[in-house]
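Below, read A as the first sequence line, B as the second, and so on, with proteins coming before strands; counting in each chain starts at 1.
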Amino acid sequence: MSDVRLRFAPSPTGYLHVGGARTALFNWLLSRREKGTFILRIEDTDVARSTQESVDAILQGMEWLGLDWDEGPFYQSERFPVYKEFVEKLVAEGKAYRCYCTPEELEAKRELAMKEGRKPKYDGTCRNGVEEPGDKPYVIRFKAPHEGVTVFDDLIKGRIAFNNDELDDLIIQRSDGTPTYNFVVVIDDATMGITTVIRGDDHINNTPRQILLYEALGYPVPRFAHVPMILGADKTRLSKRHGATSVMAYRDMGFLPEAMVNYLVRLGWSHGDQEIFSREELIEKFSIEAVGKSAGVFNPDKLLWLNHHYIKESAPERLAELLVPFMKERGIDPESGPNLPLVVKTLQERSRTLVEMADGAIFYYQGDFAYDEQAAAKHLVPDAAPLLKALADKLEALADCSQTGIEALFKEFIAEKGIKLGQVGPAVRVSLCGGTASPGIYEVIEALGKEEALRRLRRAVAIIG
RNA sequence: GGUCCCAUCGUCUAGCGGUUAGGACACCGGCCUUUCACGUCGGUAACAGGGGUUCAAGUCCCCUUGGGAUCACCA
């Protein structure tokens, strides 16, 4: 156990999206690699926008990805007294002050400044004290230094410097007494002993103010790592327009969590030419310094490829279990037909998602399926009937119904008839599966079982007439 | 507009002064084959532009251009 402490701090205003998931993953990986502590904190100071459903959705997403945390979840909404104390401390020390400017006044000043081409920052009206205006509402502002430079060495971006005169006195407590984000994030990270802050690079501009706050509070400044954002195919911020952004939506589309993890980590991070990483390998090899600086485009094709890879690698029993809900969704009870793991085995190489696998598995469980029209017209022809019938009879007598036994039977059959496999194979396929695209016919017969295979062959013979 | 960040194939990226600029996804061919796939072999495809520094620049510096983020009593 080292004393490295990291956190993921989502705000519960929606589901866990892929960008947040990647940030969480980076934090988690680094904490596991350094044998440190991973903390989950819910940033719900905006009581109006935060919901319990969102919290649940985020937790569910973390769980699906296998990102467990050591401390928390902590809720900022439960820590208001703590923040209040720190605000009062700053005020008492003269490092923060009451500001009586109204939102309307500020908005007007901002617009004027913008119009005149000046920086739209707070003009410091109340900075040096004002006469007590009775019980007028006020906010508390942090008294930021106007001179000097605030610098930090970002673990990903390198050295970043800001002139302090670019910064204005940010509000740390609203007129209703609640604290604001830039303040609570500092208080929490400081009091929770966070050593490294990994977050989206949209927070870069907040960082100097936060550093100033750490210094005013007398806390050590953590290290920062700002990860670039994830873009859609058109290089704009990833949104619903580009497809699903919720990680749970990917589960529902039939993706495996290990594929998602592998994809997300490789989007922005790399380790030489390696593409496939097990969870253990990631923990061993991940490093925040190796994360790229530039934004990356979310590429569904590559995710699909990875998912296909993991489907091929997975144990049929596990996939069968994951496949059940997808089968039920299609109105099929896997208990009612062939052994599901056996079915899965025939489909692994040709399924990129569990959705594709479920679609491909349907025919196994439907005895009275309709034949694909074109396929039937082409292959279920009068000439095929006697062959199918003879094959069925031969199959009926077969003792070894393993794939190899079935293959041997076919070899023998075509030798006896003096034909090629191509002259009977397609008809068998259509009889068994209903179409021309399917797993190999030997494995289909094995999975179906002799009885059902015979039934389907004879059904086809009967239909040909 | 101010500030800040970013820039190698279509996409994800390797590269950390000297390479025929490598890999992966996608795409296009060949092979394999009972279909569809898998697999396998091969191919198309990139250093944004301009200045420097250096014997030597994709690699270091500056500028331009182009993207993006952020400027709330949201987080």
Single hit among R98(A), R127(A), K143(A) for salt bridge (Lys or Arg N to Asp or Glu O under 4.0 Å) with D169(A): R127(A)
By nearest heavy atom, map A295(A) and C99(A) onto RNA chain B; which one lands nearer the 5' end? A295(A)
T13(A) side chain N/O closer than 4.0 Å to the phosphate oxygens (OP1, OP2) of A75(B)? no
Closest to side chain of Q76(A), choosing from A75(B), U34(B), C25(B): A75(B)
Report yes or no: do D56(A) and Q52(A) form a side-chain donor-acceptor pair below 3.5 Å? yes
If we take the C1' atom in both A7(B) and U54(B), what is their distance in whole Å? 24 Å
Which of C25(B), U35(B), A7(B) is nearest the side chain of T436(A)? It is U35(B)
Can you tell me, in whole Å, how much space there is between the P of C12(B) and that of C47(B)? 16 Å
Taken to the nearest whole Å, CD1/I187(A) to P/A75(B) is 15 Å
Quick one: do the T102(A) and K136(A) side chains pair a donor with an acceptor below 3.5 Å? no
Rounded distance in Å between the C1' positions of C5(B) and C9(B): 24 Å
Parallel, tilted or perpendicular: which fits the ring planes of F152(A) and H226(A), with parallel below 30° and perpendicular above 60°? perpendicular
Can you tell me if E85(A) has over 12 outside heavy atoms packed within less than 6.0 Å of its CD? no
Out of A75(B), U3(B), A14(B), which has the shortest distance to the side chain of R49(A)? A75(B)
If you look at every strand shown and take non-hydrogen atoms under 4.0 Å, does F298(A) touch a base, only sugar-phosphate, or nothing? nothing
Rounded distance (Å) that lies between atom P of G2(B) and atom CG of D123(A): 21 Å
A26(B) P sits how many Å from H309(A) NE2, rounded? 13 Å
To the nearest angstrom, how far is I160(A) atom CD1 from C5(B) atom P? 5 Å
By side chain to side chain contact (heavy atoms under 4.5 Å, CB included), R223(A) pairs with (sequence neighbours left out) L155(A), T196(A)
Under-4.0 Å side-chain N/O to phosphate OP1/OP2 contact, T45(A) with A75(B): yes
Does any donor-acceptor pair link the side chain of S175(A) with the base of C73(B) at a separation under 3.5 Å? yes
E275(A) side-chain proximity, nearest of C25(B), A75(B), C12(B): C12(B)
Under 3.5 Å on both distances, the Watson-Crick or G-U partner of C9(B): none
Using atom C1' in both nucleotides, what's the gap between A26(B) and A69(B) to the nearest angstrom? 29 Å
List every contact pair, protein side and nucleotides 66-71 of chain B side both N or O, where the distance is under 3.5 Å.
unit_1: A69(B); atom_1: N3; unit_2: N205(A); atom_2: ND2; d: 3.4
unit_1: U70(B); atom_1: O4'; unit_2: N205(A); atom_2: ND2; d: 3.3

Watson-Crick or G-U counterpart of G42(B), or none if no pair lies under 3.5 Å: C28(B)
P338(A) backbone acceptor or donor facing Y365(A) side chain under 3.5 Å: yes
Is it the case that the base of C36(B) and the side chain of R350(A) share a donor-acceptor contact (distance under 3.5 Å, atom types as modelled)? yes
Regarding T236(A) and R241(A), do their side chains bring together a donor and an acceptor under 3.5 Å, going by distance alone? yes
What's the closest nucleotide to the side chain of S270(A) if the choices are A75(B), C12(B), A14(B)? A14(B)
Could you give the CD-to-C1' distance, from Q348(A) to C36(B), as a whole number of Å? 16 Å
Tell me which nucleotide among A75(B), C73(B), G10(B) gets nearest to the side chain of D46(A). A75(B)
Side chain of S294(A) only, heavy atoms from C-beta on: which candidate in A72(B), U34(B), C6(B) is closest? C6(B)
